[in-house]
Amino acid sequence: MPQTPTLVTMFDSSSFHRNLYQSKEESCSDLYYQDNNLLSGSLEALIQHLVPNVDYYPDRTYIFTFLLSSRLLIHPSELMARVCHVCVEQQRLNEPGLDKSQVRKIAPKILQLLTEWTETFPYDFRDERMMRNLKDTAHQITNGDEMYRKNVQQIMQNLIRKLAALTQYEELITKINAQSTDRMTVLKTKPQSIQRDIITVCSDPYTVAQQLTHIELERLSYIGPEEFVQAFVQKDPLDNNENCYSDRKKTRNLEAYVEWFNRLSYLVATEICMPVKKKHRARMIEFFIDVARECFNIGNFNSLMAIISGMNMSPVSRLKKTWAKVKTAKFDILEHQMDPSSNFYNYRTALRGAAQRSLTAHSNREKIVIPFCSLLIKDIYFLNEGYTSQLPNGHVNFEKFWELAKQVSEFMTWKQVECPFEKDWKILHYVLTAPIFSEDALYLASYESESPENHIEKDRWKSLRSALLGRA
């Protein structure tokens, strides 16, 4: 069987457009081309275009693009069933007395298609229907031929291994989240004087930035490309067919990644608001500014933005006496880089620079590109909202599919980078499990550190003291 090229090679932006869509039948009336690019087609014709035959194998970018976005219109299990049906009908594989030499011409290509599907979108196969269809398709294609039995076994083993790793990861995240408690609960049982902060765990900003990058790359690696599309699949309220829409929105790993961003922001704010002394709060702010700067240098834009978000939260930004003791020049530069004006123009420029560096990198250290995830999700959301999936003539709008694939494919190259830094379990454990304040508790800690400045703040302070501390 032919080997599947690496995704990095497949999605290299320089080759993404080249010969993107090669048609089996260029004159096919159900597929519309312009300048050799496929712009639209009927769903049936696009499925036909996905299925190999003796003389044809679809371009890998077409396979990725169609498998990624077709779920907006058809459930993956239904698509798999239709692919199997087309294979069997097209090659007449269900006819008695089938010539084995004919099967051996087509079977490797169909197994290669199944390999690409299971490797790139393994989470589709958590659905029992998908797994059943995969086995049925493989059985019908190979027709019990010993020559391909090992190939099918290899596909199944690789898939089961990936799904087992995902289950293990999800259990780990659940365990970590269970260990992380509310800081206010801890404060009521443990005096603040014996509480640790991040600087007592590690006083080197560069090392902390490296450990944040470990967390980012691990969590990125478990996000399936389809999660970006499934996040926007809507259930039709008039559709009672459970098999059609009900289980599409499987975005668990993407959601866990967004939750990590929020946790890091709240951890930063908690660490700043916790110290009683002003000079300790100022030192903590300066420490996180240095961590953020190192994140920027590494190419870890998600942690960078989480840290800036934490420092810009109202309970932190209102600490004027504390900020007066901070040298803010470095922070001003970082804020400028992540300035949301002009649709995050400065950040996008820096991201392009990091992406360019990654393409010519000679080490994993230079390959690191961790995008600001919430903005990537927002970009894909507006792309999905801005284009219709189906044209007035009933054709699938493949231009939209192509644009979605371009956005997601770049992410696919970035998420595969292995973190080159050595793990420090002590720092990782602290960052992932240290108790953090809720928003109300942050405000209370902020008011306790620097008194309320107006009647609104005073009333809120009294209310929070009563609610959280049981004091008048």
Side-chain angles (χ1 to χ4, degrees), residues 1-11 60 63-64 67-68 71 75-77 79-81 83-84 107-142 144-177 214-230 247-248 250-257 260 364 367 408-409 411-420 423 425 428:
M1 273 178 69
Q3 293 298 303
T4 305
T6 64
L7 286 167
V8 175
T9 308
M10 170 183 164
F11 298 130
R60 283 201 77 209
I63 296 171
F64 177 77
L67 292 182
L68 174 73
R71 64 197 67 233
H75 191 280
S77 65
L79 176 61
M80 173 67 86
V83 165
C84 180
K109 292 184 175 181
I110 295 172
L111 289 177
Q112 177 65 13
L113 177 65
L114 296 180
T115 300
E116 294 197 33
W117 196 333
T118 55
E119 283 184 357
T120 313
F121 300 95
Y123 303 169
D124 282 350
F125 296 88
R126 294 185 103 177
D127 184 327
E128 286 178 15
R129 292 165 296 178
M130 284 293 287
M131 198 61 97
R132 195 164 54 243
N133 285 341
L134 174 63
K135 289 174 182 173
D136 289 348
T137 305
H139 176 73
Q140 290 202 57
I141 299 312
T142 58
D145 193 326
E146 188 64 26
M147 191 178 198
Y148 301 112
R149 191 172 63 83
K150 284 185 179 175
N151 295 137
V152 173
Q153 276 183 342
Q154 191 67 51
I155 291 171
M156 297 304 295
Q157 283 169 3
N158 290 344
L159 177 59
I160 289 164
R161 190 170 62 247
K162 283 191 176 188
L163 295 180
L166 173 63
T167 301
Q168 200 173 2
Y169 164 75
E170 288 173 347
E171 287 170 357
L172 178 66
I173 295 298
T174 304
K175 190 176 173 183
I176 287 169
N177 291 343
H214 259 297
I215 296 167
E216 296 281 354
L217 286 173
E218 181 184 48
R219 298 207 173 192
L220 273 184
S221 71
Y222 283 98
I223 298 173
E226 73 284 353
E227 294 190 46
F228 288 101
V229 174
Q230 284 175 174
D247 60 349
R248 284 195 206 173
K250 294 174 182 172
T251 56
R252 214 175 306 180
N253 306 298
L254 189 57
E255 286 165 13
Y257 191 52
W260 151 247
N364 277 345
K367 285 181 184 175
V408 176
S409 65
F411 162 83
M412 289 288 286
T413 66
W414 298 336
K415 81 170 199 150
Q416 292 178 85
V417 175
E418 283 193 30
C419 192
K423 279 188 176 180
W425 292 105
L428 289 171

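Positions are given from 1, in the same order as the sequence printed here.
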For this session: Quick one: list whatever passes side chain to side chain donor-acceptor pair (under 3.5 Å) with Tyr123, sequence neighbours left out.
Result: none

Problem set entry | Set of residues satisfying side-chain contact (heavy atoms from CB on, under 4.5 Å) with respect to Ile176, sequence neighbours excluded | Leu172, Arg219, Leu432, Thr433

Exercise. Could you give the distance from CG (Asp136) to CZ (Arg129), rounded to the nearest 0.5 Å?
Worked result: 14.0 Å

Exercise. Do other residues, nucleotides or ligands put more than 12 heavy atoms under 6.0 Å from Gln168 CD?
Worked result: no

For this session: Identify the heavy atoms of Val417 and Asn364 that sit nearest to each other, and give their distance.
Result: CG1-O, 3.8 Å

For this session: Mark yes or no for whether Glu116, through its side chain, and Ile63, through its backbone, hold a donor-acceptor pair below 3.5 Å.
Result: no

Exercise. When you measure from the side chain of Asn133 to the backbone N and O of Ser77, does any donor-acceptor pair fall under 3.5 Å?
Worked result: yes

Problem set entry | Met130 side, atom CE; Leu79 side, atom CG - distance, nearest 0.5 Å | 7.5 Å

For this session: Check each of Tyr257, Tyr169, Trp260 against Tyr222 using the ring-ring contact (aromatic ring centres under 6.0 Å, His included) test, and report the only one that passes.
Result: Tyr169

Problem set entry | Spacing of Tyr148 atom OH and Gln153 atom CD [to the nearest 0.5 Å] | 15.5 Å

Exercise. Do His139 and Lys135 touch side chain to side chain, with heavy atoms closer than 4.5 Å?
Worked result: no

For this session: Work out which heavy atom in Lys415 is nearest to a heavy atom in Ser221; give both atom names and the distance.
Result: NZ-O, 3.2 Å

Exercise. Do Leu114 and Met80 have side-chain heavy atoms sitting under 4.5 Å apart?
Worked result: yes

Problem set entry | Side chain to side chain, Met131 and Met156, heavy atoms closer than 4.5 Å | yes

Problem set entry | Under the side-chain contact (heavy atoms from CB on, under 4.5 Å) test, residues paired with Leu428 that sit two or more places apart | Gln211, His214, Ile215, Lys423, Trp425

Problem set entry | Side chain to side chain, Phe64 and Thr120, heavy atoms closer than 4.5 Å | yes

For this session: State which residues pass side chain to side chain donor-acceptor pair (under 3.5 Å) with Glu170; sequence neighbours excluded, sorted by chain then number.
Result: Arg126, Arg252

Problem set entry | pair Ile223-Phe228: side-chain heavy atoms closer than 4.5 Å | yes

Problem set entry | Side-chain heavy atoms of Leu67 within contact of Asp124, under 4.5 Å | no

Exercise. Should the ring pair Trp117 and Phe125 be called parallel, tilted or perpendicular, given that the plane angle runs from 0 to 90° and is split at 30 and 60?
Worked result: perpendicular

Seminar exercise, completed: Closest non-hydrogen contact found for Val408 with Pro225 is CG1-CB, 3.6 Å

For this session: Could you verify whether a donor N or O on one side chain and an acceptor N or O on the other, from Glu255 and Thr251, lie under 3.5 Å apart?
Result: yes

Exercise. In Å and rounded to the nearest 0.5 Å, what is the CG to CZ distance from Asp127 to Arg132?
Worked result: 8.0 Å

Exercise. For Asn158, which residues count as a side-chain contact (heavy atoms from CB on, under 4.5 Å) partner, sequence neighbours excluded?
Worked result: Gln154, Arg161

For this session: Mind checking the CG-OG1 spacing from Leu113 to Thr118? Nearest 0.5 Å is all I need.
Result: 9.5 Å

Exercise. Taking only residues two or more places apart in sequence or in another chain, which ones pass side-chain contact (heavy atoms from CB on, under 4.5 Å) with Cys84?
Worked result: Val88, Thr137, Gln140

Problem set entry | Separation of Ile173 CD1 from Glu171 CD (nearest 0.5 Å) | 11.5 Å

Problem set entry | Minimum-distance pair of heavy atoms, taken over all atoms of Pro76 and Arg71 | CG-NH1, 3.5 Å

